[in-house]
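Reminder, nothing fancy here: chain letters follow the sequence lines and each chain counts from 1.
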Amino acid sequence: MTAIDDIALQAERARIRRTKIDRVLIVVCTFIGFLAVWEIAGRLSNPLFFAPVSDVVREFWLSLLDPRGRLLNGLVETLSVLVPGFVIASVLGVALGVLMGRSNLGFQILDPYVTIFYNTPRVALIPLLLLWIGVGDPLKIVIVILAAIFPVSVNTMVGIRDVSAQFTEPARSMNATESQLLRKVILPATFPYVVAGIKLGLGRALTTVIVAEFFVSVSGLGGILQATSSSYQMAKMFAPVIILAAMGVAIDGLLTYLERSVLRRYRS
Amino acid sequence: MTVPTVDAATPPKLAVENIQKTFFKSVKDDVVGIPVLNGVSLSVSQGEFVSVIGPSGCGKSTLLRIIDGLIQPEGGRVLVDGRIVSGPGSDRAVVFQYFGLYPWRSVLRNVEFGLELKGVPAKERQEIALENIAQVGLRGFENHYPHELSGGMRQRVGFARALSLDPQIILMDEPFSSVDEQTRELLQEQLLELWSATRKTILFITHSIDEAVYMANRVVVMGARPGRIVEEITVDLPHPRTSEVRALPRFGEIRAHAWEILKKGIRESAELNAAA
Ligand SMILES: Nc1ncnc2c1ncn2[C@@H]1O[C@H](COP(=O)(O)OP(=O)(O)OP(=O)(O)O)[C@@H](O)[C@H]1O
Ligand SMILES: [Mg+2]
C-alpha cells in the first residue's frame, strides 16, 4: 500500500467515524429536547389531562419494582391471552392457508368467508362475542384468534399459490411424494409470506386484545389504561402505554431480524 | 416408475418413440390446442453423449420433461432399457437450466435433497453428497447458501445433486447457458471428464452449436414448431475432447453443417409464423 493510499484510508475511516458520532448526537439531542418539551408542557397543563415526564418515569419505575403491582400483573394477564391465542391463530391460519392454497375445492368454499372476516373490523365482533362467550379469558383468546388468523391464512394461501414451478419441478423429478412436496418444498418456499402474515396478525392481535380489555378487563394492560384514564391518573396511565410501545417495537425488531437473517436467502 | 414390456432384445438405453405433444390454451371462452412436438423419435445407446439443438421454442425442454416423466405426451412413448416410462424415476436425473436449487437449504442439504426424498439415512446421504460436492470442485462450500454462490457454482450444485442419485441417464437442459465464457469451458471440461469416468448416458440440450459438436458423439437437430427432428449428425471427432479438437478442420466442417441445417429450420419457422 502506498503512502497516498494510506492517507486516503485514514481520511475515509475518520469520515465514517464522524458520521457515526453525528448520527448519535442528533438522536440524543432531539430526544433530550423532546423530554424537555414534555416536562415543561406537563408542568404547565392541567394534571387531569397530562403529566410531566418525570412523574411518568417515577410511576413507571415504582410499578416495575413492585412484584405484586398492577402493571406487571396486567402485563402477565395480557400476555397470557395474547400468546396462546396467537399461537393457535398461527397454526390454524397456516393450516387454513394450506387448505385454500392446495385445494381448489377448499378455496372455492372458504374464500368468500375468509374475505368477509378478513375485512370485518374485529372490534365489531366484541359485543356479540361478549354475549355468546361471556367475560373472561376464553373471550379474549377467541378475539385474538379472530384478529390474527386471517392475515396469516390469506398470506399463506397467496404464498402457496405463488410457489414457482422452479421449486416444485426438481422435487417432482426426484420422485417426491405429495406430502414431501408440501413439507420440504411448498411450505419452506412459502415461509416469507407466512412471516409477513404473522407480522400483520400480531399487530392486529395486540390492538384487538387491548380494545377487548377496555370492555371486559380491569386488570390487563387495556384494563389499566381504561381505569387510570377514567380516574384521571395521568402519570399511571402512561405506564401501560410505554409497555405496549416496547412490545410493539420488540415484536417488530424480532421479525425484522428474522427477515434479515433467514429471509435474506430467499432473495437473489 | 417403469413397467416391463414384452419386446426386450437388448433394447437401447433410451428410446423415444413418435412423441406427440400438444399444449392447450384457453382463448376467450374456448380452448385451442398448440402442437409442440410432432412425431419425435430418438434412440440413445448406453454411454452415449447426445446433444440436442434447435430454434428457440421448438420444444426441446418439453421433450426433456417428457423423457423425465414430468409431463405426459398425447401420443408415443418413452422407454428406458425397454421399459415404458410413466413418471419420474431414479434411473433418470435432470440438471435444470434454472439450477432448481432451494434457497433455504445449504449446498450440502441441496445436494442431499434427492437422497432425503428417497429415505436414505442421514449419515449415508451426507457421505454421498460430500463426495459429489468434491467431485464438482465445491469442497469448502458445503455450508454456503445458494445466494452466496456464482451462477457457475450453483450450476455445479445442481449437477452434484443429480450425480448423488447415481442415475443411468442424465438429462441436461442448457446447463451452461447462464454462466460466463471461461466458466462454461471449465464446466464443459469437467462434464466430459465425468462422463468418460462414469460412462453415464447424457442427453444435453444447448443453444450453442459449438458446444453441441464439441461435447457429443451425436448432434440431434430439431426443426421449428411443431418440433420434430430434422437431422442427426454423427460427430466423428477423437476423444478425449480437448481444445486441440476445436482446432481440427473436421470440427469446423461438422459445425458448419449443423449450422446449415439449423438455419433452414429457423427460416422455415419464420415462414410458418409469417403464414400464420
Ligand atoms: N406448460 C406449457 N403450457 C403451454 N405452452 C407451453 C408450456 N410449456 C411450453 N410451452 C410452449 O411450447 C413451446 C415449446 O417450449 P419449450 O420450452 O419446450 O421450447 P424450447 O425448445 O426449450 O425453447 P428454448 O430454446 O427457448 O428453451 C413454446 O412455444 C412454449 O411457449
Ligand atoms: Mg428450453
Side-chain angles (χ1 to χ4, degrees), chain A residues 90 94 97-98 101-102 104 107-108 152 155-199 254-268, chain B residues 1-2 61 64-71 85-107 109-120 143-151 154 157-159 161-162 164-167 169-173:
Chain A
S90 302
V94 170
V98 168
R102 293 288 286 162
N104 277 326
F107 178 79
Q108 282 157 8
V152 175
N155 267 277
T156 305
M157 175 195 74
V158 170
I160 282 181
R161 299 194 144 223
D162 259 12
V163 170
S164 154
Q166 298 199 352
F167 288 152
T168 53
E169 195 173 45
R172 290 206 298 118
S173 167
M174 290 181 279
N175 259 328
T177 61
E178 279 303 305
S179 134
Q180 286 176 324
L181 193 66
L182 181 65
R183 279 181 296 118
K184 293 177 188 287
V185 178
I186 291 172
L187 283 180
T190 307
F191 186 65
Y193 292 81
V194 175
V195 172
I198 281 181
K199 209 167 172 173
L254 198 71
L255 289 170
T256 307
Y257 170 77
L258 196 67
E259 276 174 350
R260 290 224 180 111
S261 55
V262 179
L263 301 187
R264 189 168 48 97
R265 292 176 194 150
Y266 284 74
R267 288 185 282 272
S268 90
Chain B
M1 272 169 281
T2 42
S61 300
L64 182 131
R65 288 192 173 93
I66 290 171
I67 294 172
D68 191 47
L70 284 166
I71 54 177
V85 163
S86 60
S90 53
D91 47 6
R92 288 146 291 144
V94 182
V95 178
F96 293 94
Q97 176 181 3
Y98 54 80
F99 315 134
L101 304 183
Y102 296 109
W104 55 88
R105 285 176 167 253
S106 66
V107 166
R109 305 245 305 129
N110 262 295
V111 175
E112 281 182 7
F113 187 62
L115 300 163
E116 197 179 308
L117 294 179
K118 275 170 74 175
V120 175
N143 296 319
H144 283 56
Y145 282 83
H147 78 277
E148 299 167 313
L149 306 179
S150 69
R154 286 183 215 181
V157 177
F159 191 49
R161 181 176 67 190
S164 293
L165 291 164
D166 195 24
I169 302 172
I170 303 181
L171 307 166
M172 305 181 87
D173 193 356

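Between B:Phe96 and A:Ser173, the closest side-chain pair of non-hydrogen atoms falls below 4.5 Å. Between B:Tyr102 and A:Pro170 the shortest side-chain heavy-atom distance falls below 4.5 Å. By the 4.5 Å heavy-atom criterion applied to side chains, A:Ser164 and B:Tyr98 are not counted as neighbours.
Between A:Phe167 and B:Trp104, the ring planes lie perpendicular to each other; the angle is over 60°, past the 30° to 60° tilted range.
For B:Leu165, the part lying near chain A is the side chain, with the backbone staying farther off; criterion is any non-hydrogen pair under 4.5 Å. For B:Leu101, the part lying under 4.5 angstrom from a heavy atom of chain A is the backbone only.
Here the CD-CG distance, from A:Gln180 to B:Leu117, works out to 4.5 Å after rounding to the nearest 0.5 Å.
Put simply, of A:Glu169, A:Lys184, A:Arg172, A:Met174, the one with the most heavy-atom pairs under 4.5 Å next to chain B is A:Glu169.
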